[in-house]
Amino acid sequence: MNINESGWRPERPIDGDKVGPGAKTFTGNRALMLEEPLIFEIGGADTTGVDLPEPRNLDSDRLGGLARTTPIGLPGLSEPETVRHYTRLSRQNYAIDLGLFPLGSCTMKHNPRLNEKVARLPDFADIHPLAPISTVQGALGVIHELGEWLKALTGMTAGAMSPKAGAHGELCGLLAIRAALEAQGDARRVVLVPRSAHGTNPATAAFCGFEVEEIPANADGRFDLAALKARIGPDVAAVMITNPNTCGLFERDFRAAADAVHAAGGYVYCDGANFNAIVGRVRPGELGVDAMHINLHKTFSTPHGGGGPGSGPVVFSDALAPYAPLPFVEQTAEGFLLIEEETAGRNHAESFGRMTAFHGQMGMFTRALAYILSHGADGLRQVSGDAVLNANYILRSLEDVLDAPFAASGPCMHEALFSDRNFGEGISTLDVAKALIDEGFHPMTVYFPLVVHGAMLVEPTETESKASLDQFLGAMRQIAQRARLGDQTLKCCPLEAPRRRLDETLAARQPRLVWQGL
Ligand SMILES: *Cc1c(COP(=O)(O)O)cnc(C)c1O
């Protein structure tokens, strides 16, 4: 039977290869691996999932000609068709609840279910940001207590809870620095960023109107203190340094750099996205930090990925505290108070303004506080110890089969960095990443940081057992051997996934969103 004439979903060519996955069965499904067309292919614009009555008394004049006159062509699907479509798609996804997620810099750790239970309590989940203060004392208490924990863990004196992601936190920190400089009538314009910085750092500085200048890295993977000191001058507004850095190393010269920047009248921003490696062990405030964001969605669990919710609270030193954004929560004898622009008897004219309309990501706050309280201070200290132990286990277990450029720089922190140096002719980092998909793992972070050629950055996190690390290492060792030997079949991976390798440039530039037939 020609399945394409059956009226059933047509078999789709994979990479132009009609014998690939999906071709062997009538439906294209392979047991529990279900093929899924685009929603536009299942539902048509001429069908409808809901019947709505024609609107009555529609005053099209009042809509000022904005009323739609032609249908927009959305596919109509019944409720079960819609549910099945998205459930099938979700099964083609990888998630931390399916297996080890080695994505470096992202801290993909297990999110304890307790967090979810707490975040769903109606008193936190179903309140409105404009509800009277007296009715949301518990929620304000959560925001306040989490802020106190973040200040204590970082050794800083003030906080802003509203930034909604790490990059948003960077913007918050730099806006405070800019406000402080403006208050001093100082027009410094340069922000120094080490070459190994996360891409968001220079992007944030540029977005904030600063000029970005790069500080080179030295051979052991850390920023070059001498080069930094040589560049510091009266035009330097701030440095932005990630610590531990994106090579997975602790920046030993951080305090010396901070002192030099302060002596020249500048400020020190620390990208704290990698706090998971040092939480409970290092208080960045003691290293001379003026502002630092914390990714609640990394260090303090909470589900993330796929653009899903983040939260990037910022902590400040005394020097920047007056310029921090509004609103913030204060504990008084009468209860929790929300300090805003118009709070009676208070003047926050120095604050640079607001990052968001309201308080930030309440769901992330409850999850992060649940995580912190269930671990306690000693448990958080163990988190960083175990995260570093697991990363060093990865580093030392693979350094004989993969080039580890900074293996001699001492123990790594929370992530292990490898390069493509030992690969055989024609084999690239991308091939290794694709081969990991066949082994049932999400690939590690690739081609980042830029200071290492063909970089592979692996962050196992503390929540992986030795058994699961060993399984990952077994897969990695086998793929690394094939890469060294120049095994060209690696270039065909993934062979077992629902889709083969895409032309990534074409897929990004000209996504084919509608099935155009065979
Ligand atoms: C994740 C990360 C960021 C950005 O955080 P988002 O929440 O993704 O905006 C910044 N710096 C480093 C080092 C990171 O790992």
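Counting convention: from 1, in listed order, for ligands and their atoms alike.
Residues D224 and R195 are not paired through a salt bridge, judged by the lack of any N-O separation under 4.0 Å between the basic side chain and the carboxylate. Between R509 and D503, none of the side-chain N atoms (NZ, or NE/NH1/NH2) sits under 4.0 Å from a carboxylate O, so this pair counts as no salt bridge. A salt bridge links R354 to E340: at least one charged side-chain nitrogen sits closer than 4.0 Å to a carboxylate oxygen. For the pair D126 and R120, the salt-bridge criterion is not met [side-chain N within less than 4.0 Å of a carboxylate O].
Contacts with ligand 1 closer than 4.0 Å are made by no heavy atom of H168, backbone or side chain.
Taking the side chain as every heavy atom from C-beta outward, P327 and H359 approach each other to under 4.5 Å. The shortest distance between side-chain heavy atoms of N422 and L402 does not fall below 4.5 Å.
With hydrogens and angles ignored, the 3.5 Å screen pairs a side-chain donor or acceptor of R222 with a backbone N or O of F250.
Atoms of ligand 1 lying under 4.0 Å from any heavy atom of A273, numbered from 1 in the order shown and given with element: 2 (C), 11 (N), 12 (C), 13 (C), 14 (C), 15 (O). Within ligand 1, counting atoms from 1 as listed, the ones closer than 4.0 Å to a heavy atom of N295 are 1 (C), 5 (O), 6 (P), 7 (O). Close approach of ligand 1 to A165 is summarised as follows: ligand atoms under 4.0 Å from at least one heavy atom of the residue are 7 (O), 9 (O).
Shortest contact from atom 8 (O) of ligand 1 to any protein heavy atom: H297 NE2, 4.5 Å. Scanning the protein for heavy atoms near atom 11 (N) of ligand 1, the closest one is D271 OD2, 2.5 Å. Of the protein's heavy atoms, K298 NZ, 2.5 Å lies nearest to atom 2 (C) of ligand 1. With hydrogens left out, the protein atom closest to atom 6 (P) of ligand 1 is G166 N, 3.4 Å, a heavy atom.
For ligand 1, the polar-atom distance check finds an N/O of A167 within less than 3.5 Å of one of the ligand's N/O atoms. Below 3.5 Å of separation, one finds no N or O of T246 facing any N or O of ligand 1. By the 3.5 Å distance cut-off applied to N or O atoms, H293 is not counted among the residues near ligand 1.
A distance of 6.0 Å or more separates the ring centres of F328 and H144.
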